[in-house]
Amino acid sequence: MPDKRVVDDLTKEFIAESQEGLDRMERCLTELEIRPGDGEQLVGEIFRAVHTIKGTTGFLGFDRLEKLAHAGEHLLGSLRDGKLAVTSELISGLLSLLDRLREILMLIEETGGEGTRIGDEDSELIALLAALNGGAAPVAGASAAVSGPRMMPVEASASSMSSAASEKTLRIDVEVLNRMMNLVGELVLTRNQMLQSNMDASNFPELARRLDSVTADLRESVMQARMQPVGHLFGKFPRMVRDLARTCGREVRIEFFGQETGLDKSLLEAIKDPLTHAVRNAVDHGIEAPEVRVMAGKPSEGCLRLRAFHQSGSVVIEVADDGAGIAMERVLAKAVERGLATPEQAAEMTEREALQLIFLPGFSTAAAVTTVSGRGVGMDVVRANVEKVGGSVELESKVGMGTTLRLRVPLTLAIVPALVVRSGGQSFALPQSALVELVYVPQRDAKTAIERVGAAEVYRLRERLLPIVWLERLLELEKRNAAESHGFYLAVLEAEGCRYGLVVDDLLAPEEIVVKPLSAVLREIGLFSGATVLGNGTLALILDIGATAARAGVKPVEEERDAVEMEEKIEQEAEVSLLVFEDRARERTALPLDVVERIESVPLTQIEYAGGRPLLQYRGELLPLRDEGRVLMELEAEQEGGEEVTATVLICRSSGKGAARRTGMVVRRVLDVSGGTLLEKDDGTGELELALVKEKLTTIHREFDAKSAPEWKEVA
């Protein structure tokens, strides 16, 4: 009999691989329900995950897992052979199987055995899977599983079902490991040479440079090994959104962008819960009920988009919905009601300041407490957890259009590049990811360089007013009168969309610093995100860029409209983005790009007529079609030849005075999307609006433009 240590190692490996297989199975099941036409590949992935578990359990002696996996494999075999159709009940039954397999794997991980405390429920689940396979009526007690998967309470994290083993393991490319091993070998050789040489030896500087190079390469390799694609985290959300949408009575489609974006493994785990809460909030609070969306002129199905991308040394993850948005009036009223702000303060708040109230502890605008949310716990925890790892949270919202929550986190926590500065005789580290540029103000200009706008001090940087913060004043440090001797330095920083200049006495060399956690006393100050030991052996505190801006009361400054700014504004108004197309008369015409929602290729047979007007049934709406170039007449003549003909339709949106509505414009073909310069009207152009697009005259359609069109025309 193998010793217990070997069996434990095998079991741990089995649990980790099984959990990964179940994660893939969950993603494939939710995709299969949305895209049953792609069933062959998806069902194959699901079948392999269950089959692997069944095959391995026999070797390890886990009979309970084997029986459940066998029942699931039998059902999936029928589905793979085309004997069964994909239905919501079938998907729900397989998700129930997936949940049970996960529960047993977690039980094995915690206790070493499968347990028998829910054995009767196993029999019901096996009977349900058999009923779904053979068409027989489900046994008593199994009906609940048919109508939907057995779900955990929604307040609990969707990550609570994941295995601890998978969180402690990391898959690394063998090439990365080989490179790390080679670098460790180089490091050992360099160390040996340095030990054998004297500090005064002629080759010591060369050895020091070599040590620096090898260390930097080794650090880069370790960071690369720790990087994981955020797609691993995104993959857990389709199932959760499906379950939440059913619970809340919503229709929600989830879309992903940038799944390949890499993030440190520890940070990926740290933002899992905040991101889960943000997704849950978007489904419950953001996206409206289907009937409400239809009344507002939206598709009944809401859209939730998760997007990840790199920006300025950080990873940004956006959770955006196309829901109702956040009404500032409700936020301010609730803040006054809860005593979080006075009526006078609420009246003076900007939209940005009002949105920040949502992150206060205990704040909630939910009308009622549900199993999903409404207890006033969440958004403050989201911000706190993200800021704990040196990140920040931003919120944008437009009533009727939707809300975007933006999580900004560093690439890694262990080692970060930083600029070391001195102020008041002390050293501080500024993360280079937040550093935009450095400005030196010489002594002769020090007194006149700072201007005042009200009570705020600003610096004019390339004709832009930049709010400034004196670090020594903010921290109440001893004044060293550096400006009187050699001027001062301005570190231009950006945090949470707010840019400001930090005045410091002196700059030291940039360093790659090792981040150390703060003690409780320093953490309570709220201005520092960590500490580090510099190359010269001294200690330095790492400044929290966002907290510094908030403590100093930095706000965006409204600039005066001087001649330079007016000229820039005129140029911006003249230069517009246009979608250029051609009608039957081959005339170049364009629409402002911001009013074109989609470009659709529609079979001519799908275009219908009522009262002599062309109409198109589009995503649950009846769209009137504009055909000013009489393109449809030409296409109908082509179709008489017996060939299938399609029409190019621009789906356009405009708000006008009422609710947002759509219409379609039939064009011969789309030519280009490009910037253009508007031409002034004169006697030569008459009433036409013209633009130069790539040196060619183009007529501008303004009837769809929300800024100029007073109201949409109804179909007669």
Side-chain angles (χ1 to χ4, degrees), residues 152-162 167 228-241 244 254 256-259 261-287 304-311 314-321 323 326 355-366 372-397 403-413 433 495-497 517 523 526 529-530 544-547 550:
M152 298 181 64
V154 194
E155 299 98 326
S157 171
S159 60
S160 60
M161 290 292 287
S162 64
E167 294 179 1
Q228 298 288 292
V230 296
H232 289 175
L233 182 56
F234 284 0
K236 300 181 183 297
F237 291 123
R239 164 76 185 282
M240 188 186 81
V241 169
L244 284 175
I254 187 167
F256 301 108
F257 304 92
Q259 295 107 305
T261 305
L263 187 60
D264 189 281
K265 170 74 171 178
S266 61
L267 284 169
L268 208 61
E269 296 296 332
I271 66 169
K272 184 187 298 181
D273 285 347
L275 193 59
T276 299
H277 186 91
V279 170
R280 188 169 67 236
N281 232 32
V283 176
D284 183 38
H285 286 307
I287 296 176
L304 180 64
R305 293 183 178 88
L306 269 69
R307 177 171 172 248
F309 55 93
H310 291 284
Q311 186 180 75
S314 301
V315 171
V316 180
I317 300 179
E318 291 182 346
V319 181
D321 65 72
I326 301 175
L355 282 174
Q356 301 311 304
L357 294 172
I358 293 172
F359 295 102
L360 294 177
F363 187 90
S364 176
T365 57
V372 180
S373 58
R375 290 171 174 78
V377 179
M379 295 308 291
D380 59 318
V381 178
V382 168
R383 168 170 276 184
N385 287 347
V386 173
E387 289 180 347
K388 242 183 233 180
V389 295
S392 62
V393 181
E394 303 165 16
L395 189 65
E396 295 178 4
S397 184
T403 302
T404 299
L405 185 73
R406 193 172 293 110
L407 309 181
R408 192 183 302 272
V409 293
L411 277 172
T412 180
L413 285 179
S433 60
E496 300 181 12
R523 196 160 48 242
S529 58
D544 187 322
I545 306 304

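Positions are given from 1 along the sequence.
- Listed by chain and residue number, nothing satisfies the side chain to side chain donor-acceptor pair (under 3.5 Å) test with Thr404 (two or more places apart in sequence, or in another chain).
- Val386 approaches Arg408 most closely through the heavy-atom pair CG1-O, 4.2 Å.
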Practice prompt. Verify side chain to side chain contact (heavy atoms under 4.5 Å, CB included) between Ile271 and Leu263, making sure each step is shown before the conclusion.
Written response: CA-CA 11 Å; Ile271 66 169; Leu263 187 60; 3.8 Å; yes
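- Taking both residues in full, the closest heavy atoms of Pro229 and Leu268 are given as O-CD2, 4.1 Å, listed atom of the first, atom of the second, then distance.
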Worksheet item: Should Val393 and Leu405 be marked as a side chain to side chain contact (heavy atoms under 4.5 Å, CB included) after you check the CA-CA gap, both sets of side-chain angles, and the distance that decides it?
Response: CA-CA 7 Å; Val393 181; Leu405 185 73; 3.6 Å; yes
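- The shortest distance between side-chain heavy atoms of Leu244 and Asp284 does not fall below 4.5 Å.
- Residues Leu275 and Leu407 share a closest heavy-atom pair of CD1-CD1, 3.8 Å.
- A distance of 9.0 Å separates CG of Asp273 from CZ of Arg280, quoted to the nearest 0.5 Å.
- Within the 4.5 Å cutoff, no side-chain heavy atoms of Val381 are placed close to those of His277.
- Taking Glu318 as the reference, Arg307, Arg406 meet the salt bridge (Lys or Arg N to Asp or Glu O under 4.0 Å) condition, with sequence neighbours excluded.
- Looking only at side-chain heavy atoms (C-beta outward), Phe237 and Leu304 stay at 4.5 Å or farther from each other.
- With rounding to the nearest 0.5 Å, the separation of CG in Asp321 from CG in Leu306 is 10.5 Å.
- Note that CG of Leu233 is 11.5 Å distant from CD of Gln228, once rounded to the nearest 0.5 Å.
- Annotation for Ala308 and Ile317: closest pair CB-CG1, 4.2 Å, computed over non-hydrogen atoms.
- Taking each heavy atom of Ile358 and Ile326 in turn, the nearest pair found is CD1-CD1, 3.5 Å.
- In plain terms, the two heavy atoms of Phe234 and Phe256 that are nearest each other are O-CZ, 3.5 Å.
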